[in-house]
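Single-structure report; data block below.
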Amino acid sequence: MLDRTILIALGGALTLLVSVIELVRRRRLRERYSILWLLTSVVILILASNRTLLDLLARAMKIAYPPSALFVVVFAFLLVITLHFSTVISRLTRENESLAQEMAILRLQVGDLDKRVGHHEVNH
Amino acid sequence: MSTRGEGRTLVIIPAYNEEESLERVICRVRTSVPAADIVVINDGSDDSTGSVAEGLGVVALHLPNNLGIAGAEQTGFLYALRSGYGRVVRNDADGQHNPAEIPELLAALLRTGADVVIGSRYLEERGYITPRLRRMGIVILAAVTSLICRQRFTDPTSGFRAFNQRAIRLCADHYPHDYPEPESVVLFVRAGLRVAEIPVTMNPRYGGQSSIHLLDSAYYMFKVLLAIMVGLLRKPPTLTPEDRSKAR
């Protein structure tokens, strides 16, 4: 007999799974950034639909109320996901910096070239 | 662009909203080191810093957005490396650094054989007044830096510095982020560069305000110390022949 908490968890996980797949389908989420989300929803689905497994996990963590174990697991996944995105932001920042630096130097070079071409046209 | 500055000196002036003081700084640099080239890195300024620099006939590098002091400086090092400059001097755009002392920095490069020469406000008592809290921070950073480098540094936060080609190469490739000065001293020493300090006299700023406000001091200290400590966990950078000297 499924209790209401588990039903809510199942519903939430299914919604998450469908949303992530739909976002990838519409190309609003890249595959590589969807993997952690898919993994999270699948893990919730497995734990929520398999009471024996969830009880086992709860006992191993000394958690009296098994559905709480489910939320501990979800919380851990969310921590991993946010940390992962912090590293992605750091990488994007570094790449953005390099691009800006290259662009500043290129802009100078293009200006120099423009001036040279300009002189050329005046001379001929 | 490869041989434009062969063996010559480039003065790097990072500038973010410094329209008030930039002209005066550039004039003083020109008087002090007439043979040197000057590059202003306009760090995404909202004011007329960019057009002021263009109007003065110096090389102006315009960053499309504001990278902060470290990213702006590194742009200058990258430009110096690609143009083949043999020596770089870092001079602030706010008038704090005294361009008349640039020849002393450059002479010290030769005299001491160091790869980096830092102009220190505190090596000699020259009447530079630092607010007490900031002075305390600098003393702590100087102590940490000296301890790690096993060499005495009195002013690791000073940005008034001269660099030879080895140092230019390292900076173009491995410059620290955000508040780079103290961290870069540790980086230089760990990479095997020789760093020397000479006494300088700094001015109060002409205009604008320090990039480090009083309220941000705690964050500054924490960030810099964290960066230095975590930096020690990394392998020291090596000076590779192929780095950012060519566009990647």
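Chain letters run A, B, ... following the sequence lines, proteins first and then strands; every chain starts at 1.
- Atom CZ of B:Arg82 and atom CD of A:Glu102 lie 4.0 Å apart (nearest 0.5 Å).
- Distance CD/A:Gln101 to CG/B:Leu67: 6.0 Å, rounded to 0.5 Å.
- If you take CE on A:Met103 and OG1 on B:Thr75, they are separated by 12.0 Å, rounding to the nearest 0.5 Å.
- Summarising the geometry, atom CD belonging to B:Gln74 is positioned 7.0 Å from atom CD belonging to A:Glu97; distances are rounded to the nearest 0.5 Å.
- Scanning both residues, A:Ala104 and B:Leu61, for their nearest heavy atoms gives O-CD2, 3.5 Å.
- Taking CG from A:Leu99 and CG from B:Leu63, the interatomic distance works out to 11.5 Å, rounded to the nearest 0.5 Å.
- Around atom CD of B:Glu23, no more than 12 heavy atoms belonging to other residues, nucleotides or ligands sit under 6.0 Å away.
- B:Tyr79 approaches A:Leu108 most closely through the heavy-atom pair CE1-CD2, 3.4 Å.
- Environment of CZ in A:Arg91: crowded, with over 12 heavy atoms of neighbouring residues, nucleotides or ligands closer than 6.0 Å.
- In terms of heavy-atom proximity, B:Pro64 sits nearest to A:Ala100 at CD-O, 3.6 Å.
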